[in-house]
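Worksheet: the structure to be examined is printed underneath.
When a residue number appears, it is its place in the shown sequence, counting from 1.
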Amino acid sequence: MIAPLATVLVLGLRYVGLLQKLEWAAYDQFCRWQVATYAPQPQPIKIIAVDEADLQAGGQALISDRALAKALRTVASQDPVVIGLDLYRDLPVPPGHSELNAAFEEISNIVGIQKVGQPSVAAPAVLEADNRAKANDFISDGDNRIRRGFLNLPGADGQAVSSFSFYLALWFLEEVEGIHFEAITSERWRLGAATFNRFKAFDGGYVYANQGGYQILINYQGLGQPFDIIPFRNVVAGQLPDDWAKDAIVLMGSTAESLNDIFLTPLSRPGSREATDFLSGVEIHAHITAQFLAAARGDRPFIRTIPEWGEILWTVLWSLLGAGLTRSWSAVLRTRAFRSKWHQSRFLLRQFGSTLGLLGGLTLGSYGLFSLAIWLPIVPPALGLITAMGLVLLSAQVAIARENALLYRDLEQKVIQRTQELDKAKAVAEQASQAKSEFLAQMSHELRTPLNGILGYAQVLLGRGDLTPKQHKGLTIIHESGNHLLNLINEILDLAKIEARKLELVSQVVNLPELLTEIAKIIQVKAEQKRLAFDYQISPDIPVGIYTDPKRLRQVLLNLLGNAIKFTAQGSVTFTAEMSDAVRAQAGLDTEIVPIRFTVQDSGVGMNPEQLTQIFAPFEQVGRQRQRSQGTGLGLAISRQLVEKMGGTIQVSSQRGAGSRFWFELALPIAPNWQTDLPQFQQGRITGYLGDRRKALVVDDHPVNRMVVLDLLSTLGFELAEAEDGREGLEQYSRLQPDLIVTDLVMPELDGFELTRQIRQLGNPEVVILASSATVQERERELSLEAGCNDFLPKPLDMALLLSKIQQYLGLEWIYDATELSKKS
């Protein structure tokens, strides 16, 4: 029963078309193998090709009737057997239409082509009236490849119309070789040595292939250019070689890609879109015509298929073979010896090898038949073999399972009980995971709110020009330490974003040496606290202005350097940034993208090979317990994925007790005009702006958050107002009519979303509304923009980013400290 069941399953897949593309792929591969060893016989077929150069010379999408008439007369003067016009000419193409009709009447061996079916395209009226218009003769399969041609097609009146290529071949064979076409039965015809067997529905692995007409499988003549081809313009110019067309079949058609008359064939490489893998319609007609000639002479027969019942028996045969062979092996499954892993491995290896051998035999046998011009579908028998083997093994496993159930009946209740316990544990774990996510989101919001005050005021005070060096250094440490704390908070959220593939890089112009120096200052403080030597080396040939995501680059470097400090008790930490050897070899050359290598090396505890395989996994930490407690265990996991997203790879080498070395290389685009591309607040301390005085409203239920923004904007000369919730914000808006509103989103009474919607409904689209929130989920940003906000800024507020958005939306020109700008330059 297993073999018939496997056959039914496979044939069911076959008859609903699920195996169609696999069968086509096998057929195409056999075609390519055969053609690679086939030497095409010389054929009396010539091609005159209308290419792109001919169309450009004529200055229109189609060649004119006058040029076509001239070419036909030139070819006819060399006495060809027949001329096949593979151009749809149902309308005049001026000038010279009367000349073309005269040529059709005078040259009696011209055969035109017409498109039968919907939409139909008629041939020239002169040719159609003289029964010299024949049907298009190939059909495209579902994967857009041409495998089938027509002997004839039913015309509009229901009468059979000979196909274009068949009629050309028949004309030549009757005229030159005296071979005539004769009917054996209504379905079987003969042409010389060739016997035609009609290709019908479900033949050759096809599903519903009977689309009208008498179909055949095309046996292509070979790769490359098996036919003599000359350009149309040479013929018109009178440059046709002597006796080139004499006693030949001359095909005239388009090879120009712009006319969209190019097609894929079984000989085309899978997935390729190279121009050399396409054949034009006229070339395919030449292949089909040559096939009729070769078949009639007995040189190269048509590809035949077996009847549908033969395919079914063929599939049953291989299903029986797979079932019988596997059944003899499956007896081993019931022995106790098989229960050992050694016997299982040996059995599976033997089973796998035998399966490959059988499939190889099926493939070679089918290809042998194909080389004799017989196509025997390969996919259904192969699947029948595999399915039968799988079902036999499955039935054996079921029998073993039944025996095991009898042996271990007493354990069934325990298994059920354990399953229930696991389900409960899973439910508890899912609840804990959900609670963890909600906790992280809430804690992130709660921690960002006080950090907004710390970082905000640090940035505001750093913008003052009356600070002593000691005050400036202290504020810088506060600001950068706060940023470091913020980065730790963000690590948890970053990992979730990376795993969900929602984290995007934001590239901008960056002063690279300044960024690296800022990072080094932060690490220098940590190194001094542990009395470590910190060596910071930046190569002088590194470009100043580059494009990158500074936040993510800073995050990665701070993580690697922070780890180096953490795991080094004594000695030193070295941080270097240099251009790679590949760029050094091109010193002096103008390059737009340069690879820069960042290296962090320490003399700390080092790692053994086992630890090296674990350090990039989330929540994995190495070192002593005290060191492990100093981080989340996410830094390296996040850093590796960020570097990979930036186009690099973090590499590491380490030896236990001898320290570690981490490095990665990034290809960074150079910003040649970095000084002008950098925002003004990066070029100097902003002291004001040019133009009329602007009005700003700050809405936030936390006084500290309001004060940070108000203090910053007051130093720049804005006229200010504040509100502690959305309802008061509406009142202040009506009174002040501000140019700018900076609003929190989560507030009592009236939140920032509704505040924005009501302001937009008042009909003032000019006011700029910037949303700010400690909830940094992407959904929060989307909702704020849908409500009508111009942009979204996360808390803690980055004052540089805030000033950048204000400049962008209000179109301000900053006034900044010229002394500091000269220092930057």
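Counting heavy atoms from C-beta outward, Arg304 and Ile374 have side chains that approach closer than 4.5 Å. In this structure, Phe181 and Leu151 have side chains that are in contact, with non-hydrogen atoms separated by less than 4.5 Å. In this structure, Gln114 and Val161 have side chains that are in contact, with non-hydrogen atoms separated by less than 4.5 Å. You'll find the side chain of Arg148 reaches within 4.5 Å of the side chain of Asp141, heavy atoms only. At a threshold of 4.5 Å between non-hydrogen side-chain atoms, the residues Asp28 and Arg145 count as touching. Taking the side chain as every heavy atom from C-beta outward, Leu362 and Pro381 approach each other to under 4.5 Å. Within the 4.5 Å cutoff, no side-chain heavy atoms of Val81 are placed close to those of Asn109. Side-chain contact between Leu320 and Val316 is present, with at least one heavy-atom pair separated by less than 4.5 Å.
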Tell me, with the steps shown, if Leu9 and Leu383 meet side-chain contact (heavy atoms from CB on, under 4.5 Å).
CA-CA 9 Å; Leu9 290 174; Leu383 283 181; over 6 Å; no
Go through it in stages, so that I can follow the logic: the residues are Phe166 and Asn152, the test is side-chain contact (heavy atoms from CB on, under 4.5 Å), and I'd like the CA-CA distance, side-chain angles, deciding distance and then a yes or no.
CA-CA 8 Å; Phe166 173 68; Asn152 60 44; over 6 Å; no
Before you tell me yes or no, could you show the steps for Ile107 and Val75 under side-chain contact (heavy atoms from CB on, under 4.5 Å), namely the whole-Å CA-CA distance, both residues' side-chain angles and the distance that decides it to 0.1 Å?
CA-CA 10 Å; Ile107 306 172; Val75 174; over 6 Å; no
Quick one, Ser258 with Leu55, criterion side-chain contact (heavy atoms from CB on, under 4.5 Å). Give me CA distance, side-chain angles, the key distance, then yes/no.
CA-CA 9 Å; Ser258 62; Leu55 299 179; 3.6 Å; yes
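The salt bridge (charged side-chain N to carboxylate O under 4.0 Å, His left out) test applied to Glu105 returns no partner, not counting sequence neighbours. When the side-chain contact (heavy atoms from CB on, under 4.5 Å) test is applied to Leu372, no partner is found at least two apart in sequence or on another chain. In this view, Trp24 and Tyr206 satisfy the ring pair (Phe, Tyr, Trp, His ring centres under 6.0 Å) rule, not counting sequence neighbours. Remark: Thr195 pairs with Ile184, Arg188, Arg190 by the side-chain contact (heavy atoms from CB on, under 4.5 Å) rule, at least two apart or across chains. Under the rule for a side-chain contact (heavy atoms from CB on, under 4.5 Å), the partners of Pro301 that lie at least two apart in sequence or sit in another chain are Ala373. Under the ring pair (Phe, Tyr, Trp, His ring centres under 6.0 Å) criterion, Trp33 pairs with Phe30, Tyr367, not counting sequence neighbours. Take Phe227 and apply the ring pair (Phe, Tyr, Trp, His ring centres under 6.0 Å) test, not counting sequence neighbours, and it matches His287. In this structure, Phe232 has no ring pair (Phe, Tyr, Trp, His ring centres under 6.0 Å) partners at least two apart in sequence or on a different chain.
Note that the CD1 atom of Ile113 and the CG atom of Asn136 stand 6.0 Å from one another [nearest 0.5 Å]. The CZ atom of Arg300 sits 11.5 Å away from atom OH of Tyr220, with the distance rounded to the nearest 0.5 Å. Between the CG atom of Asn219 and the CD1 atom of Ile288 there is a distance of 11.5 Å, given to the nearest 0.5 Å. Taking CG of Asn234 as the reference point, atom CG of Asp54 lies at 8.0 Å (rounded to 0.5 Å). Rounding to the nearest 0.5 angstrom, the gap separating the CH2 atom in Trp375 from the CD atom in Glu311 is 9.5 Å. Once rounded to the nearest 0.5 Å, the distance linking SG of Cys31 with CZ of Phe370 reads 3.5 Å.
A donor-acceptor pair under 3.5 Å links the side-chain atoms of Arg32 to the main chain of Pro266, judged by distance alone. Although no hydrogens or angles enter the test, the distance criterion places a donor-acceptor pair under 3.5 Å between the side chain of Glu23 and the main chain of Ile378. In this structure a side-chain-to-backbone donor-acceptor pair under 3.5 Å is present from Gln78 to Trp244. Not a single donor-acceptor pair under 3.5 Å links the side chain of Asp51 to the backbone N or O of Pro231. Between the side chain of Tyr214 and the backbone N or O of Phe196, at least one donor-acceptor pair lies under 3.5 Å. A donor-acceptor pair under 3.5 Å links the side-chain atoms of Asp65 to the main chain of Val93, judged by distance alone. No side-chain donor-acceptor contact under 3.5 Å links Gln43 to the backbone of Gln291.
Here Phe302 and Phe292 bring their ring centres to under 6.0 angstrom of each other.
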Report, one line per pair, each donor and acceptor closer than 3.5 Å where one atom sits in a side chain of residues 246-256; sequence neighbours left out.
from	atom 1	to	atom 2	distance (Å)
Ser254	OG	Ala256	N	3.3

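For the pair Val236 and Ala71, the tightest heavy-atom approach, listed with the atom from each and the gap, is CG2-CB, 4.2 Å. Residues Leu153 and Ala135 come closest through the heavy atom pair CD1-CB, 3.9 Å. Residue Ser366 comes nearest to Trp314 through the heavy atom pair OG-CZ2, 4.5 Å, listed as atom of the first residue, atom of the second, then distance. Heavy atoms only, all atoms of each residue included: Leu385 and Leu359 are closest at CD2-CD2, 3.6 Å. Between Ile593 and Ala667, the shortest heavy-atom contact is CG2-CB, 3.7 Å. Contact between Gly84 and Leu168 at its shortest, heavy atoms only, is CA-CD2, 3.8 Å.
The ring pair (Phe, Tyr, Trp, His ring centres under 6.0 Å) contacts involving residues 119-145 comprise Phe138-Phe263, Phe138-His285, where partners must be two or more places apart or lie in separate chains. Applying the side-chain hydrogen bond (donor to acceptor under 3.5 Å, both in side chains) test to residues at least two apart or on different chains, the pairs with a partner in residues 260-269 are Arg269-Ser272, Arg269-Asp277. Within the structure, ring pair (Phe, Tyr, Trp, His ring centres under 6.0 Å) contacts touching residues 65-112 (residues at least two apart or in different chains) do not occur.
Residue Glu177 places its CD atom among more than 12 non-hydrogen atoms of other residues, nucleotides or ligands, all under 6.0 Å distant.
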